[in-house]
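The structure appears right after this line, and notes come after that.
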Number of protein chains: 2
Amino acid sequence: MIQQLNKGDNQVKKIYELLKENDFKITPQRKVILNLFFDRIGEHLSAEEVYNILQENHPEIGLATVYRTLDLFAELDVLQKMSFDDGKNRYELNNNEIHHHHHLICVDCGKVTEFSDDLLEALEEQITRKTKFKINDHKVKFYGICKDCQETR
Amino acid sequence: MIQQLNKGDNQVKKIYELLKENDFKITPQRKVILNLFFDRIGEHLSAEEVYNILQENHPEIGLATVYRTLDLFAELDVLQKMSFDDGKNRYELNNNEIHHHHHLICVDCGKVTEFSDDLLEALEEQITRKTKFKINDHKVKFYGICKDCQETR
DNA sequence: ATGCTGTTGATATTAGCTATCAGTGAGGGT
DNA sequence: ACCCTCACTGATAGCTAATATCAACAGCAT
Ligand SMILES: [Mn+2]
Ligand SMILES: [Mn+2]
Ligand SMILES: [Zn+2]
Ligand SMILES: [Zn+2]
């Protein structure tokens, strides 16, 4: 019987290889935390939130390990690290399909919407040309009022 | 004799009026901290850094007041609040001339370069059209290698 | 199977920031 | 110029996200 693989499995395998390439070990804790993010695409989780979710099925994983693992995956660009100005860092899978979307933060209700299109190439090109600054990443946050909050007013 | 006013003084006066309009008092502490930012245009100061600078000429101003004043001015849009991912908030004067510039952060040496703001209108318009999200502010950070770090390699 | 070395969990510690509260003073009214 | 009121201040205690420490553990190369 041919082994069935879904898209997530393939991505996971690649990330395991990425760990190996960089001399990091594939530990059960890292597997579990990685799977958690594949199960929750679209959410922006803090370390504490990840830890709390783990309590149900993996209470043996310590909080320090959660912090360390999130940092490691962010370093490897597996997770994207971000902050919505609430005093804690948040993480989400750096999925190829939704690569580097922008975040729209509602200043009224705090909801975070995503916008996938990038459209920053022109600006980045202009910046590099003028400043000789070699750009390889960006973080863009838009603040405003979401659709729901505009209606309920 | 006609009172000589430089550009800074005029801006300061406007900010005093802004405080009055919003029923905030013009205290010596607020005057001093505001002046400090006019004296240090281009710097991105943390609360602790402001407090340390004040130690020389105004050691009577407490750290809590610094935090409160920075927050107040940020709320009034006099200062722009930002973070370069080093765990502390930073502030700089929201100068009319350099209004809302982007920050280019060198991942090698940590230096922050500025790039005056434009070319985002098209993107914002498209986002509003597609998502009905009413944008009224944005924060954009670019990460890469600065000119100096490219040369010394 | 063995050994090296990266990793982990528990916990102490740090650091940026906020809350508290009694005393102070800015500014409007007289 | 003198009150009066209440926003403001400084000192400091408290909070919380994140990091440092360290002995025990476990991937994984051999
Ligand atoms: Mn997102
Ligand atoms: Mn700046
Ligand atoms: Zn909203
Ligand atoms: Zn640099």
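What you see below is based on every heavy atom in this structure, not just the backbone, and it leaves out hydrogens, waters and symmetry mates. Numbered from 1 within each chain, the chains take letters A, B, ... in sequence-line order.
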Ignoring hydrogens and angles, tell me if any N or O in the side chain of K139(B) forms a donor-acceptor pair with the backbone of K81(B) under 3.5 Å. yes
Counting only N and O atoms by type, is there a donor-acceptor contact under 3.5 Å from the side chain of E92(B) to the main-chain atoms of Q80(B)? no
In whole Å, I'd like the distance from the [atom1] atom of [X] to the [atom2] atom of [N].
| X | N | atom1 | atom2 | answer |
| --- | --- | --- | --- | --- |
| E75(A) | dT19(D) | CD | P | 11 Å |
| L54(B) | dT9(D) | CG | P | 13 Å |
| N52(A) | dT16(D) | CG | P | 14 Å |
| L72(B) | dC8(D) | CG | P | 8 Å |
| E21(A) | dC28(D) | CD | P | 14 Å |
| Y51(B) | dT9(D) | OH | P | 15 Å |
| M82(A) | dA17(D) | CE | P | 18 Å |
| L19(B) | dC8(D) | CG | C1' | 13 Å |

Does D137(B) pair with K141(A) as a salt bridge, N-O distance under 4.0 Å? no
Can you tell whether the side chains of R90(B) and E43(B) come within less than 4.0 Å, N to carboxylate O? no
Can a donor-acceptor pair under 3.5 Å be found between the side-chain atoms of R68(A) and the base atoms of dG9(C)? yes
Looking only at heavy atoms, the pair that brings L70(A) and F37(A) closest together is CD2-CE1, 3.5 Å
Looking at every non-hydrogen atom in both residues, tell me the closest pair between Y143(A) and D85(A) and how far apart they are. OH-OD2, 2.5 Å
Parallel, tilted or perpendicular: rings of H138(B) and F142(A) (30°, 60°): perpendicular
How would nucleotides 12-17 of chain C be written as a contact map, 5' to 3', with B for base contact, S for sugar-phosphate-only contact and - for no contact, using protein heavy atoms under 4.0 Å? ----SB
Nucleotide by nucleotide, nucleotides 23-28 of chain C touches protein heavy atoms under 4.0 Å in the pattern (B base, S sugar-phosphate only, - none) --BBS-
Is atom NZ of K134(B) surrounded by more than 12 heavy atoms (other residues, nucleotides or ligands) closer than 6.0 Å? no
Residues two or more places apart in sequence or in another chain: which of them pass salt bridge (Lys or Arg N to Asp or Glu O under 4.0 Å) with E75(A)? none
